[in-house]
2 protein chains.
Amino acid sequence: MTKKPKKRRGRPELRTENALDRAQIVAAALALIDREGLEGFSLRQLARHLGVFPTALYWHLPGGRNELLGDVAATAFHNVARPFKLGDDWASWLRELFRRYRHSLHRHPNIAPLLGAQLVSNSGVNPDLVEQILTVLESAGFSGPRLIDAYNAVVAAMLGFVTLELAPVPDEDPTDWAVKFEDSIRSLDPGHFPHLTKYMNLMANRAFIVRWESGSRNPMNSGFELYLETVIAGLRSLAGG
Amino acid sequence: MTKKPKKRRGRPELRTENALDRAQIVAAALALIDREGLEGFSLRQLARHLGVFPTALYWHLPGGRNELLGDVAATAFHNVARPFKLGDDWASWLRELFRRYRHSLHRHPNIAPLLGAQLVSNSGVNPDLVEQILTVLESAGFSGPRLIDAYNAVVAAMLGFVTLELAPVPDEDPTDWAVKFEDSIRSLDPGHFPHLTKYMNLMANRAFIVRWESGSRNPMNSGFELYLETVIAGLRSLAGG
DNA sequence: ACCTGAACACCGTTCAAGT
DNA sequence: ACCTGAACACCGTTCAAGT
């Protein structure tokens, strides 16, 4: 009954009662990564933002940095999969899944490396998504070991394009790097690179390997759509097999 | 004319004349990453192996860590693309490209995150590869803006699957993590996850999201092959468009 | 030209101690 | 139960100085 809410009232973040819980830490981490990027992110900086000592985080996340990043990565999968009812069109369902996943990551582009390139993201992932993809592919005509192969192809396709699209630029002075890189691209010899130079205005900074900005600044929409249709057309033609 | 090869003869790595050049540093870095992984890799450790001070590396690689990793990543593309002659079958050429790239990365699985998830890899990449893919896709029937979309789809497909397949396991005590993760997968409710539990023996540790080992220990061969055929069949059906 | 050496401003994590 | 506080063993990078 004795209330004492006046403790530590000079603090920047007002930490009434028990300030920290796991969800709050994860949310703050995501916000920090959104602003600073993954390279600039550290537990110590996060702790500073939360108004606690770095070591306090270990009580809530015994696994430390990896556990935290696993939880952060899992948020990208929230609400990407819609319900699939028997009789629904599998291709439409897959299209929507791919687009919603991509949209979700474009809202937090800096976590893209976590999803594509670190198995850590597994731990937090909802098995519902796995179950649904299997259901949809069965309805598309796959079964047995081939169904599992198709499942792997679909997951790789869903994550792969976006991981690459949103791959971060080097963290050094980005304009220097961009200028230097653009120069080297634009000065290629048309004799040796006829197609590349012919299509330069369509490709410069818009195509993999010859771009100097990430997809977060330069979305690759039409490339993604063609990729998506490629995968769906391919699955359709292999479904009978 | 005065030869003095006896300098510093007590050193572990015998550094005759000028010990360091860029190529040597890159090779040593790759070897170190192969053994320790990307997380365990540091410039200081690399310098120790080379018998120099960490700061010596900056004379050869002014861009520091990023420049070094860019060069390391570029080695994955060496000799993946075969020559393409007019009249050759574009599908066969693409098949070989994908397989050779995958094979190249399986020899250095720890650098996979650099290629998929960091734009830094661009700097060292050979524009020949770009030119060749454009040539092949034109021969497959693509042209104009759609050719560029197809190019982006092909690059994303080539890099995407392998990046995911070789995504590294968390660096903490790996067996602990694996056991814990396997338990959580195997104890899923068949009522709620009928397909996933039905296919568990085919999927456990062999399919994305429900595996606890990287593709470097557990290659996903049949998944890759179906993915490859999916992309090729899809491109074939969209080439007319 | 090529490398040493000291210094700066950081990291993640462990462990004991406080309340 | 939840957090502080000190300590450990590291980082990448800059800058001046040596040869």
Side-chain angles (χ1 to χ4, degrees), chain A residues 2 4 6-8 10-11 13-25 28-29 32-33 36-72 118 120 170-173 176-177, chain B residues 2 4-8 10-25 28-29 32-33 36-72 118 120 170-173 176-177:
Chain A
T2 59
K4 296 160 191 164
K6 51 199 146 135
K7 280 164 63 176
R8 296 201 195 89
R11 289 268 177 142
E13 346 295 298
L14 54 152
R15 322 204 295 94
T16 65
E17 42 189 75
N18 284 340
L20 252 45
D21 63 4
R22 195 181 166 115
Q24 193 185 143
I25 295 173
L32 198 54
I33 293 171
E36 311 276 349
L38 211 52
E39 300 259 301
F41 171 78
S42 76
L43 291 186
R44 297 183 104 108
Q45 203 186 351
L46 174 61
R48 240 172 274 135
H49 274 261
L50 291 167
V52 297
F53 275 61
T55 49
L57 304 175
Y58 283 80
W59 199 91
H60 300 276
L61 297 139
R65 190 177 212 266
N66 279 331
E67 188 174 353
L68 175 55
L69 293 182
D71 271 30
V72 168
Q118 302 200 199
V120 87
D171 52 341
E172 37 157 340
D173 196 1
D176 279 18
W177 185 78
Chain B
T2 59
K4 297 159 191 163
K6 49 198 146 134
K7 281 164 60 177
R8 298 200 194 88
R11 289 270 177 140
E13 347 295 299
L14 54 152
R15 323 204 295 91
T16 66
E17 42 187 76
N18 284 340
L20 252 45
D21 63 2
R22 193 181 168 118
Q24 193 185 145
I25 295 173
L32 198 53
I33 292 171
E36 311 276 350
L38 211 52
E39 301 259 302
F41 170 78
S42 75
L43 292 185
R44 298 183 103 108
Q45 203 186 352
L46 174 60
R48 238 172 275 138
H49 274 261
L50 291 167
V52 299
F53 276 62
T55 49
L57 304 176
Y58 284 81
W59 199 91
H60 301 276
L61 298 140
R65 189 176 213 267
N66 278 331
E67 188 174 353
L68 174 55
L69 293 183
D71 271 31
V72 169
Q118 301 200 197
V120 88
D171 51 341
E172 38 156 341
D173 196 1
D176 278 17
W177 184 80

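Residue numbers start from 1 in every chain, and the chains themselves are labelled A, B, ... in the order their sequence lines are given, proteins ahead of strands. What you see is a predicted model; the values in this text were computed from it and never measured.
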Rounded to the nearest 0.5 Å, the CG atom of A/Asn66 sits from the CD atom of B/Glu39 at a distance of 6.5 Å
Every stem of 3 or more Watson-Crick or G-U pairs under 3.5 Å that DNA chain C joins, in order of first number, is C:4-8 with D:12-16, C:12-16 with D:4-8
Looking only at heavy atoms, the pair that brings A/Leu32 and A/His49 closest together is CD1-NE2, 3.6 Å
- request: Could you give the distance separating D/dA16 and C/dC3 at their C1' atoms, to the nearest angstrom?
  value: 13 Å
Atom CG of A/Asp21 and atom C1' of D/dC3 are separated, to the nearest Å, by 15 Å
Nearest heavy-atom contact between A/Leu46 and A/Ala29 is CD1-N, 3.7 Å
Value for CG (B/Leu43) from OG1 (B/Thr55), rounded to nearest 0.5 Å, stands at 11.0 Å
Taken in chain and number order and not counting sequence neighbours, the residues that satisfy salt bridge (charged side-chain N to carboxylate O under 4.0 Å, His left out) with A/Arg22 are A/Glu67, A/Asp71
Phosphate oxygens OP1/OP2 of D/dA1: is one of them under 4.0 Å from a side-chain N or O of A/His60? no
For this session: With C1' as the reference atom in both, quote the distance from D/dA17 to C/dC2 in angstrom, rounded to an integer.
Result: 13 Å
Evaluate the side-chain contact (heavy atoms from CB on, under 4.5 Å) criterion for residues A/Leu69 and A/Phe41: first the C-alpha distance (whole Å), next the side-chain angles of each, then the deciding distance (0.1 Å), finally the verdict.
CA-CA 11 Å; A/Leu69 293 182; A/Phe41 171 78; 4.1 Å; yes
Quick tally for nucleotides 6-12 of chain D: nucleotides whose base has a protein heavy atom under 4.0 Å get B, sugar-phosphate-only ones S, the rest -, giving BB---BB
**Message:** Roughly how many Å apart are C/dC11 and D/dA7, using the C1' atom of each and rounding to a whole number?
**Reply:** 14 Å
B/Ser42 meets the side-chain contact (heavy atoms from CB on, under 4.5 Å) criterion, sequence neighbours left out, with B/Arg44, B/Gln45
Here the distance between atom P of D/dC15 and atom CH2 of B/Trp59, to the nearest Å, is 18 Å
Q) Going by heavy atoms in the side chains, are B/Leu57 and B/Leu68 under 4.5 Å from each other? A) no
